[in-house]
Amino acid sequence: MIKRTHTCGELTKKNLKEEISLNGWISKSRDLGGLIFIDLRDRYGVTQIVFNEKLNKKEFEIAKKLGLEDVIGVNGQVISRPSEAINSKMVTGEIDVNVNKLCVYNESDNPPFDINDRFSASEEHRLRYRYLELRTKELQSNILIRDKALLATRKYFSKNNFIEIETPILMKSTPEGARDFLVPSRIHSGKFYALPQSPQTYKQLLMVSGFDKYFQIVKCFRDEDFRSDRQPEFTQIDIEMSFVDQDDITDMGTHFIQTLWKEILDVDLPDKFTILTYKEAMNTYGSDKPDLRFDMQLMNLKKYVINSDFDTFKNIINSDGLVKAVKVNNADGYSRKTIDELTKWLKDQYSVKGLAFFKCIDGEKLEGGISKFFNENIQSRMINDLGIKSGDIVFVIGDKPKIVLSALGALRLKIAHRENLVDENKWSPLWVVDFPLFDWNEDHKRWDSLHHPFTSPNFDDIKKLDDNPGDVRSLGYDIVMNGYEIGGGSIRIHNKDLQSKIFNLLNINDKEANEKFGFLMNAFKYGAPPHGGMAFGFDRLIMLLIGSKKIRDVIAFPKTTSAMSLMDDSPSKVDKKQLSELSLLLKEKNEKNV
RNA sequence: GGGGUGGUAGUUCAACUGGUUAGAGCACCUGCCUGUCACGCAGGAAGUUGCGGGUUCGAUCCCCGUCCAUCCCGCCA
């Protein structure tokens, strides 16, 4: 083997005449007859090496047979290029390496796609050959940034006196929250471990143990359906602290994100992040993770609707519904056809009954759509109050509050992207606080935790727990960046009686609570400090930092949206023997729906 | 679980309203070429049109089913 003296990204004119050695992959080759140029690549860069028939016939003949992605080592002399052949686009563009000795370590089959052009192949194809895709410039850079962020994270928490503690990967399954990935136990036949959805209970126990500042960079697993920003296994920065209140944790979270953005991007985020209550976020933006890079707030049309002639909307208002709207400054961009498409999308995806609209052409009165239901007086009040200008179109949805807010929230985003209202260079972090503690589950006619069952109610609302659980705010908080939820957490319950009361409200009786969370409840008998914490979605942070919308861009070996790994073809079948050891029997496929 | 888009040469794409021998770029192979860096020139090989069925004289194209990818809704304490 020829051991390298340099990497492929560092040789310059300073090294002229030096005898050096390089190792790398053949990224490109140009055979000019008696002269062969090869771009030799490693993760540091590219250096052009030259084989000259007249100077070194033997190595030249071997070089003639080299193909793309062969791995070689070369020994040679750094020479300067003729001035007309200098490549100013390359760091190493002023020199060549004139090869004396060539060693071929591994010849590559014809590569399934062009490593120099990541998008020369479909994503499916690239995922099959992920180890090759990881050779591309983009992914090398993404993985490097991920590494930098991991280091910056450990540095930050360590500096602030947090200690990293590992928690089990095989743990107890709890039916709360997301679906668990289960691991059958061989020794205890018929019993299962679960992979952690998060180390939630462990970190609370660590607080009881007195590790008052804990963090961990940890894999979590949730067996649900996936999206461009969600994978079955993902990495969290998990944090828990004792003797703190909500502000202590959000301050810490703010400072951590500021540090990360500064270290990775050299960007100064605001001193204080915007804080919105859940209600404000929902009512103003139709989302609990609003993208604040653009304004376009939802407008309430209630007071105009009740004085209009539009019975449908009036009835909605009278039966506790909502009528809200968004305003767009481009009426011309919304033809009948476009509006129909938007309507179909909202009907299909967000179960609205319709999308109403009106336009304003001359700045004085409303036209088209549902404008005829509003008399001149109301029209001019709306134009005035809502700042409607000529050329505006206003989209209106009336329905149950949940439907109106989620549909308009989605429409707001869709239109913003259509109209290029999103400043891609902007960072808009915010905290969303005062989440409701419970969410009414219509299917099961019961209250569910919105966050998780250990979340503390807001102390001011504890008296409402019995009569009006839907109105109880939690001490839960989410941190949002550019429309992505990048983290969240809560102050936890550290009192056995309050915890037991919450379990009861969640329809978990004492026996059940004891079976599922008895260990935690027991721990709370022995001096549990007030505590709280949060977790950041590490993959999403990296996604934002590299400017991608796909979580697969920041994970070395990601899964597809159907949770498969195309490269190693997992999940896969296992031997009957393995199943038998685990006391497992598989159902026939046609029994699937039994 | 539901909806949208896509699957054609190694790869990225094309192929009119269902019609004759399914084309092109890159990669690959052969030959030529001493300053290329998207090298150039000449030639060549390369196809189960995802899979299964149906309609038709005839299917890459239409229909049904299925698999895979991707985006979204539900879901994700």
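Letters A, B, ... mirror the listed sequences (proteins, then strands); counts begin at 1.
Between A/Asp568 and A/Phe557, every side-chain heavy-atom pair lies at or beyond the 4.5 Å cut-off. The shortest side-chain heavy-atom distance between A/Ile555 and A/Gln231 falls under the 4.5 Å cut-off. In this structure the side chain of A/Lys549 never reaches within 4.5 angstrom of the side chain of A/Ser228, judged on heavy atoms. The shortest side-chain heavy-atom distance between A/Asp180 and A/Phe221 does not fall under the 4.5 Å cut-off.
B/U20 and B/G25: their C1' atoms are spaced 26 Å apart (whole Å). Nucleotides B/C68 and B/G23 are separated by 26 Å at their C1' atoms, to the nearest Å. Going from the P atom of B/A45 to that of B/A38 covers 30 Å, rounded to whole Å. For B/A14 and B/G7, the C1' atoms lie 15 Å apart once the distance is rounded to whole Å. Nucleotides B/A9 and B/C28 have their C1' atoms positioned 12 Å apart, rounded to a whole Å. Separation of the P atoms belonging to B/G58 and B/C73 is 45 Å when rounded to the nearest angstrom. Nucleotides B/C37 and B/C62, compared at atom P, are 44 Å apart to the nearest Å. Going from the P atom of B/C26 to that of B/C71 covers 31 Å, rounded to whole Å.
With both pairing distances under 3.5 Å, B/A69 is matched to B/U5 as a Watson-Crick or G-U wobble pair. Nucleotide B/A15 forms no Watson-Crick or G-U wobble pair with any nucleotide shown, as no partner meets the under 3.5 Å limit on both distances. The pairing partner recorded for B/C62 is B/G54, the criterion being a Watson-Crick or G-U wobble arrangement whose two distances lie under 3.5 angstrom.
Under the 30°/60° scheme for interplanar angles, the aromatic rings of A/Phe519 and A/Phe517 are found to be tilted. Using bins of under 30°, 30° to 60° and over 60° for the plane-to-plane angle, the ring pair A/Phe438/A/Trp447 lands in the tilted bin.
Nearest nucleotide to the A/Leu68 side chain, out of B/A27, B/A69, B/U11: B/A27. For A/Arg81, the listed nucleotide lying nearest its side chain is B/G35; candidates were B/C71, B/G35, B/G6.
Between A/Arg540 and A/Asn110, the residue whose closest nucleotide on RNA chain B is further toward the 5' end is A/Asn110. Of the residues near RNA chain B, A/Gly67 and A/Ser198, the one whose nearest nucleotide (by heavy atom distance) lies more toward the 5' end is A/Gly67.
Regarding contacts with the backbone of B/U70, a side-chain N or O of A/Thr561 is found under 4.0 angstrom from either OP1 or OP2. An OP1 or OP2 oxygen of B/A27 is reached within less than 4.0 angstrom by no side-chain nitrogen or oxygen of A/Ser120. Between A/Lys28 and B/C39 there is a side-chain N or O to OP1 or OP2 distance below 4.0 Å. Distances shorter than 4.0 Å separate some side-chain N or O of A/Arg30 from OP1 or OP2 on B/C39. Dashed line: the shortest gap from a side-chain N or O of A/Arg227 to OP1 or OP2 of B/C73 is under 4.0 Å. Using a 4.0 Å cut-off, some side-chain N or O of A/Thr560 falls inside it from OP1 or OP2 of B/A69.
A/Glu53 comes within contact range of no nucleotide atom at all, as no heavy-atom separation falls under 4.0 Å. If you check every strand for non-hydrogen atoms under 4.0 Å, A/Tyr350 touches sugar and phosphate atoms only. At the heavy-atom level, A/Asp223 lies nowhere under 4.0 Å from the strands shown. Heavy atoms of A/Asn52 sit under 4.0 angstrom from at least one base atom. Using a 4.0 Å heavy-atom cutoff across all strands shown, A/Ala178 reaches sugar-phosphate atoms only and no base atom. The residue A/Asp31 sits close to a base: some heavy atom pair falls under 4.0 Å. A/Ser562 comes within 4.0 angstrom of sugar-phosphate atoms only, judged by non-hydrogen atoms across all strands, and of no base. Residue contacts shown for A/Pro82 include a base, since a base heavy atom lies under 4.0 Å away. Among the atoms of the strands shown, only primed sugar atoms or phosphate atoms (P, OP1, OP2) are found under 4.0 Å from some heavy atom of A/Leu450. Across all strands shown, A/Gln48 has heavy atoms under 4.0 Å from base atoms, whether or not it also approaches the sugar-phosphate. A/Arg552 comes within 4.0 angstrom of the backbone, heavy atoms only, and of no base.
For a distance-only test at 3.5 Å, the side chain of A/Asp96 qualifies as a donor-acceptor partner of the base of B/G35. No hydrogens or angles were tested; on distance alone, a donor-acceptor pair under 3.5 Å links the side chain of A/Asp225 to the base of B/G74. Contact annotation: side chain of A/Arg222 to base of B/C76, donor-acceptor pair absent below 3.5 Å.
Rounded to an integer number of Å, the gap from CG of A/Asp114 to P of B/A27 is 8 Å. B/C37 atom P lies 13 Å from atom CD of A/Glu84, rounded to whole Å. Atom CZ of A/Arg179 and atom P of B/C75 are 12 Å apart (whole Å). Rounding to whole angstrom units, CD of residue A/Glu61 and P of B/U34 are separated by 13 Å. Here B/C26 presents its C1' atom at 14 Å from CZ of A/Phe113, a figure rounded to the nearest Å. Between the C1' atom of B/C76 and the CG atom of A/Asp288 lies a distance of 12 Å, rounded to the nearest Å. Between the C1' atom of B/U36 and the CZ atom of A/Phe51 lies a distance of 15 Å, rounded to the nearest Å. Taking atom NE2 of residue A/His125 and atom C1' of nucleotide B/C68, one finds them 14 Å apart after rounding to whole Å.
Using modelled atom types, one finds no donor on one side chain facing an acceptor on the other under 3.5 Å when comparing A/Tyr129 with A/Arg135.
Between A/Lys344 and A/Glu341 there is no salt bridge, since none of the side-chain N atoms of the basic residue sits less than 4.0 Å from a carboxylate O of the acidic one.
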ask   = Is there a side chain to side chain donor-acceptor pair (under 3.5 Å) between A/Tyr202 and A/Gln204 once you walk through the steps?
value = CA-CA 5 Å; A/Tyr202 293 113; A/Gln204 291 192 240; over 6 Å; no
